[in-house]
Every structure is written in C-alpha cells, then in structure tokens.
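Here's the structure, in structure tokens; my notes come after.
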Amino acid sequence: MAVDQNVTSKKVEVIHPSGSKIIAMIKQAGIREIVALPDIVTSESLLWPMSKDPEFRVTRICKEDEGISICGAMSYNGTRALLLIQQTGLMDSLNALRAVGVDYHLPVVIMVGLQGKEPSVHPDQSAVYGVRIIRPVLDAMEVSHSLIENPDDVYQIPNVIERAYETSEPHIFLIGRAPEAQ
C-alpha cells in the first residue's frame, strides 16, 4: 500500500481560556464562596488558585449533590456561591439539581469540567458519551447552561451569574477546555 507523501496531518491550534480571567470574572460577579469536589479539568487552574486566594472561602465536599444543596441554602441569606465539579458528578446529582434548582427555584451556579472532552471538538460532537449527552440532558431539564471554551467566553460569567440570582434559577457553565493556569 502506497502512502501519499503530500498528505500532511493538520494540527489544530487550540486556544484555552485563562484560569486567572475566569477567577476575576467570578469575583466580579460577587462570588466568594466556592464549594468544590476536585476535578481534573478545573483543579489546577481554578480550584487550587482559589483555595490560596484570601478573597475566597473554599468548602470541599464528598458528593456533588451535597454541593447543590449547600449552594442553594446559601442563597437564602444572599450569599453567592459557585459549585466546581465535573460532568460525571453532575450526572450523578441531577435529582438534587432538579429539586433544589428547578423545583425550588434557587440560583445554584455550577462550573462543570467536561472530563475527557477533546479540546478541538464541540461537546455535542465528542466521542465521549458522557460529554456528548450533557447539553441535551440540561436542555431536556430546561436548565440554563453555557459553554466556556474560548478565551472570550469568560466575559459572559458576571452577567450570567447576575441573571441566575435575579431570576432565582440555576445555571451551568460547561468548561470545555481546561483553563490555562496563569
């Protein structure tokens, strides 16, 4: 079998969002409480820097559904919180999200690392089943969600969080590319 020497593999340049800009946008939205279960996509560039930042209080949890309840409860006294998890934990805690966020209309804001997602592929096109089904599941639940994959996507964070608290509805940020630590 002959190999065509003129065929070159195209390397797709993938630009990642900045972890420090995401953190700045979270602060701009008035969030100081971080509830987290470490995940491979967001720990290095978000969770670990936040845990060292005196402006944040980080509460580590054992199960993601605990985090949904904690964030929902904090909203009762006007405290804004952010839950950091990965998509496997989100899938495991959909009933808590349904009850606390949807049925009780509480502003649970979650950043979900899409573990295993290919950096140059849209989540809906991922070869990873657990990544590919996240958006359709959230759509079926009528839960607001947005994608943070490119550097400019981070600028939506403060307005989306503000809207979640104004409307008292949950919002899920899907982190499609691991943010760069900066």
Side-chain angles (χ1 to χ4, degrees), residues 17-115 134-135 137-138 141-149 153-176 178-179 181-182:
S18 161
S20 61
K21 284 185 183 170
I22 291 172
I23 292 170
M25 296 295 105
I26 291 168
K27 286 180 179 181
Q28 186 177 326
I31 290 184
R32 297 299 181 267
E33 298 290 334
I34 305 300
V35 180
L37 195 109
D39 94 89
I40 197 165
V41 176
T42 63
S43 287
E44 184 178 333
S45 58
L46 296 180
L47 180 56
W48 303 147
M50 288 174 169
S51 67
K52 295 174 188 162
D53 187 326
E55 292 186 56
F56 289 114
R57 182 171 69 169
V58 176
T59 302
R60 293 193 171 96
I61 55 174
C62 297
K63 283 191 77 307
E64 293 82 353
D65 56 350
E66 292 176 343
I68 290 172
S69 298
I70 291 168
C71 290
M74 285 184 184
S75 72
Y76 277 108
N77 70 1
T79 300
R80 290 182 175 202
L82 174 74
L83 177 59
L84 277 174
I85 59 176
Q86 72 182 31
Q87 89 274 6
T88 56
L90 176 63
M91 294 301 287
D92 192 38
S93 56
L94 288 176
N95 191 49
L97 178 61
R98 179 212 43 88
V100 174
V102 178
D103 290 348
Y104 295 144
H105 299 283
L106 295 178
V108 178
V109 178
I110 308 172
M111 282 194 173
V112 177
L114 297 179
Q115 198 276 325
I134 291 293
R135 288 172 27 105
V137 167
L138 294 173
M141 292 179 67
E142 299 177 353
V143 172
S144 173
H145 57 89
S146 57
L147 184 61
I148 297 176
E149 194 155 70
D153 295 340
V154 303
Y155 298 109
Q156 69 175 308
I157 294 170
N159 291 336
V160 171
I161 291 173
E162 189 64 39
R163 188 170 51 248
Y165 278 88
E166 284 175 359
T167 62
S168 199
E169 298 292 338
H171 184 82
I172 313 295
F173 291 102
L174 301 170
I175 309 294
Q182 296 168 327

Legend entry - Leu174 vs Glu149, side-chain contact (heavy atoms from CB on, under 4.5 Å): CA-CA, chis, key distance, verdict: CA-CA 8 Å; Leu174 301 170; Glu149 194 155 70; over 6 Å; no
Inset, instruction - Could you walk me through whether Glu55 and Arg32 pass the side-chain contact (heavy atoms from CB on, under 4.5 Å) test, one step at a time? - result: CA-CA 6 Å; Glu55 292 186 56; Arg32 297 299 181 267; 3.8 Å; yes
Inset, instruction - Starting from the C-alpha separation in whole Å, work towards a yes-or-no answer on side-chain contact (heavy atoms from CB on, under 4.5 Å) for Thr88 and Asp39. - result: CA-CA 10 Å; Thr88 56; Asp39 94 89; over 6 Å; no
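Going from atom CD1 of Ile22 over to atom CG of Leu46 covers 5.0 Å, rounded to the nearest 0.5 Å. To the nearest 0.5 Å, the span separating OG1 on Thr79 from CD1 on Ile70 amounts to 12.5 Å. The distance from atom CD of Glu169 to atom CD of Glu142, rounded to the nearest 0.5 Å, is 10.0 Å. In this structure, Ile85 CD1 and Leu90 CG are separated by 5.0 Å, a value rounded to the nearest 0.5 Å. Atom CG of Leu83 is separated from atom CD1 of Ile172 by 8.0 Å, given to the nearest 0.5 angstrom. Put simply, CD1 on Ile23 and CG on Leu47 are 9.5 Å apart, with the number rounded to the nearest 0.5 Å.
Using a cut-off of 4.0 Å between Lys/Arg side-chain N and Asp/Glu carboxylate O, Arg80 and Glu33 are scored as not salt-bridged.
By the 4.5 Å heavy-atom criterion applied to side chains, Ile161 and Phe173 are counted as neighbours. Between Asn95 and Asp65 the shortest side-chain heavy-atom distance does not fall below 4.5 Å. Taking 4.5 Å as the limit, every side-chain heavy atom of Val143 sits out of range of all side-chain heavy atoms of Arg98. Using a 4.5 Å heavy-atom cutoff, the side chains of Ile68 and Ile110 are in contact. Looking at heavy atoms from C-beta onward, Met111 lies out of side-chain contact with Thr42 at the 4.5 angstrom threshold.
Between the side chains of Ser146 and Gln156, a donor-acceptor pair is found at a separation under 3.5 Å. There is no side-chain donor-acceptor pair under 3.5 Å between Ser168 and His105.
Residues Ser75 and Leu106 approach most closely at OG-CD2, 3.7 Å, considering heavy atoms. In terms of heavy atoms, Val112 sits closest to Gln86 at CG1-C, 3.6 Å. When all heavy atoms of Ala81 and Cys71 are compared, the closest pair comes out as CB-SG, 3.8 Å. The two residues Val154 and Met25 come nearest to each other via the heavy atoms O-CG, 3.3 Å. The shortest heavy-atom contact between Asp92 and Lys63 is OD2-NZ, 3.5 Å. Among all heavy-atom pairs drawn from Val100 and Ser69, the shortest one is CG2-OG, 4.3 Å.
Checked by atom type and distance alone, the side chain of Gln87 pairs as donor or acceptor with a backbone atom of Gln115 at under 3.5 Å. Within the 3.5 Å criterion, the main-chain N or O of Lys21 finds a donor-acceptor partner in the side chain of Ser18. Checking side-chain atoms of Asp53 against main-chain N and O of Pro49 turns up no donor-acceptor pair under 3.5 Å. With hydrogens and angles disregarded, a donor-acceptor distance shorter than 3.5 Å links the side chain of Ser45 to the backbone of Pro179.
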